[in-house]
Amino acid sequence: MQVLYKSTRGSGETVTASMAILKGLSEDGGLFVPTAIPKLRTSMDTLSRMSYQETAYEVMRLFFSDFSDQELKKCIAKAYDHKFDTPEIAPLHKADGAYYLELFHGATIAFKDMALSILPHLMTTAAKKNHADKEIVILTATSGDTGKAAMAGFADVPGTKIIVFYPKGGVSAIQEKQMLTQKGKNTYVVGITGNFDDAQTAVKKMLNDAALGAELAQAGFQFSSANSINIGRLVPQIVYYVYAYASLVKKGVVSSGQQINVVVPTGNFGNILAAFYAKQMGLPIHKLICASNDNKVLYDFFSTGTYDRRREFILTTSPSMDILISSNLERLIYRLTGEDSAKCRELMESLAANGVYEITEEMRSGLGDFYGNYCCEEETRQAICRIFENSHYVVDPHTAVAAGVYEKYKKETGDNTITVIASTASPYKFNRCVVEAVSDQYKDLDLDDFALVDALHEISDVKIPRAVEEIRTAPILHNRVVEPEDMPRTVKEILGI
């Protein structure tokens, strides 16, 4: 069955998977969604005997149906290789009463590697398939992890340039140094004086700017995106939920068909949407637990049916979740409207113009798969401490938010279903708050970030990742900082237009 893609705000026109990947965003401002969610065709017993790469093929071939078997297998082989420091790619670790799905074993030690390792190969293959004759300019906003992972994926890939915007002062020191030391003649990093939402809004506006697009085309360029608004980012994220369930079956933790819960620390809603799509494919997921930090716009949405970004933007120790405009939620809203693109467009335009929208009671009834809650900063610190004390297992603050929300869910519901928690980053990426949470002896010492890396290694016995060691003495290669309103001009300067 060929799966085609349509816009959440369009009039029903469809494009192939490769064209949706190449475009990134529909011309009408909507996000591409599959015309139907395909069902898993391979039995769980068979999947439980497969490698990560084989599982990826079984899932992705259903969504990327205009890629040949050879093309898709080649993309997968190039993506999931020695860049990952474990042959399992995404291992499960049992700790503190749950199974932590470690998604941080890639080149930049965050879950974004899982999809951004393959997106460049999907995109360059898509460009060839569609006879694209222009250089692809990847335009990306990052709250900390996407930018580095995207640059690592696209660095020196022929026929591409990548420009990343991040909130200056709104990411961890390690995250920032990872980006500012990125090599590659086609990579550009720009700090902005606003927050992530400012960066994301400006990027989406540029992607939808017809005049700017025409100007680029005349100069031989075309825009695309590496953010999770790109379906080529989202589909690879479905894979690791299928792989996690198959791993539980292989370990004998669950029998095939037995339900599990999935907990995801969520900002832009892409990672948990991938789990929702996995459930639609037939993966036996009981509850999708959406974990927010103090920027709890999603928790409030699940609680009230009103999405309201008109609130204080709070900088937390889990910066990749410091987001008030959750772009991928639009794909779920589209489903809740019964795929009514006019209604979806109306709600998204209300968010853009007024900062708020409210869904109907009928739409709210479709949220039964989800549970939402949040953890404040102190609860996040307590979760890091508790897991370390109980299991000698160190988690980063994003994963700690998920673990804290899971504890709240169990207390509220009494549900003890086997649960997988998406562990989205290495604790070494957020060493300061992790060290302070698990040990008192370093609290009053004025240590720099790499001294804290060594302290965390001493405390946890966890090997320091190669990605951290590489940037310890790496030179800063990028130093631009601009106002959000200057982002389009900056893009044109970089491209020489």
Side-chain angles (χ1 to χ4, degrees), residues 18-19 21-27 29 108 112 116 119-143 146-168 171 176-194 196 198-227 229-230 232-233 474-497:
S18 61
M19 183 56 76
I21 291 168
L22 197 57
K23 286 176 176 286
L25 192 68
S26 176
E27 287 92 343
T108 74
K112 306 295 174 72
L116 285 166
L119 182 61
H121 305 294
L122 294 172
M123 194 169 282
T124 51
T125 303
K128 290 175 186 174
K129 292 176 75 67
N130 291 280
H131 310 291
D133 59 354
K134 294 178 176 61
E135 189 166 10
I136 300 167
V137 179
I138 308 298
L139 207 58
T140 295
T142 185
S143 54
T146 290
K148 172 61 181 181
M151 286 188 292
F154 281 95
D156 293 324
V157 171
T160 70
K161 282 183 168 59
I162 178 163
I163 305 171
V164 170
F165 292 95
Y166 77 98
K168 185 73 177 174
V171 301
E176 183 173 50
K177 191 160 187 192
Q178 278 190 305
M179 287 189 282
L180 299 186
T181 57
Q182 175 63 50
K183 298 176 183 176
K185 293 180 180 178
N186 63 338
T187 64
Y188 305 88
V189 187
V190 184
I192 69 160
T193 55
F196 169 75
D198 296 325
Q200 179 172 250
T201 298
V203 163
K204 289 180 76 172
K205 188 175 180 181
M206 283 188 278
L207 292 172
N208 282 317
D209 187 332
L212 180 59
E215 200 173 348
L216 258 73
Q218 192 170 3
F221 300 107
Q222 70 177 83
F223 276 146
S224 191
S225 176
N227 282 95
I229 55 175
N230 193 315
R233 266 280 307 275
I476 300 297
L477 302 175
H478 308 271
N479 54 19
R480 291 179 193 243
V481 180
V482 303
E483 300 289 331
E485 57 267 26
D486 290 331
M487 287 168 59
R489 179 176 57 79
T490 303
V491 167
K492 290 201 283 186
E493 283 177 4
I494 287 170
L495 299 179
I497 298 175

What distance do [X] atom [atom1] and [Y] atom [atom2] have between them, rounded to the nearest 0.5 Å?
X	Y	atom1	atom2	answer
Gln222	Asp133	CD	CG	8.0 Å
Ile21	Asn230	CD1	CG	6.5 Å
Thr146	Leu116	OG1	CG	6.0 Å
Leu180	Tyr166	CG	OH	4.5 Å
Asp198	Thr201	CG	OG1	6.5 Å
Leu122	Arg233	CG	CZ	12.0 Å

Any idea which heavy atoms bring [X] and [Y] closest together, and the distance?
X	Y	answer
Ala150	Ala226	CB-CB, 4.0 Å
Pro158	Thr124	O-CG2, 4.3 Å
Ile192	Met487	CG2-SD, 3.9 Å
Ser26	Asn208	O-OD1, 3.4 Å
Ala202	Pro484	CB-O, 4.5 Å
Lys134	Phe221	CD-O, 3.5 Å

Handout entry: side chain to side chain contact (heavy atoms under 4.5 Å, CB included) evaluation trace for Thr490 with Tyr188
Key = CA-CA 10 Å; Thr490 303; Tyr188 305 88; over 6 Å; no
Practice task
Output every pair passing salt bridge (Lys or Arg N to Asp or Glu O under 4.0 Å) with a member in residues 146-161, not counting sequence neighbours, ordered by first then second residue.
Solution key: Glu135-Lys161
[X] versus [Y]: any side-chain heavy-atom pair under 4.5 Å?
X	Y	result
Ile494	Arg480	yes
Lys129	Met19	no
Val203	Thr140	no
Ser225	Leu139	no
Val171	Phe196	no
Thr142	Lys112	no
Ile136	Phe154	no

Practice task
Would you please test Thr181 and Ile476 for side chain to side chain contact (heavy atoms under 4.5 Å, CB included) and show each step?
Solution key: CA-CA 5 Å; Thr181 57; Ile476 300 297; 4.1 Å; yes
Exercise for the section: Identify, with sequence neighbours excluded, every residue that meets side chain to side chain donor-acceptor pair (under 3.5 Å) alongside Lys492. Expected result: Glu215
Practice task
Using side chain to side chain donor-acceptor pair (under 3.5 Å) as the criterion, list what pairs up with Thr160, not counting sequence neighbours.
Solution key: Asn186
Handout entry: CA sep, side-chain torsions, deciding dist, call: His478, Thr187, side chain to side chain contact (heavy atoms under 4.5 Å, CB included)
Key = CA-CA 9 Å; His478 308 271; Thr187 64; 3.9 Å; yes
Practice task
Assess whether side chain to side chain contact (heavy atoms under 4.5 Å, CB included) is satisfied between Leu477 and Gln182, documenting all intermediate values.
Solution key: CA-CA 7 Å; Leu477 302 175; Gln182 175 63 50; over 6 Å; no
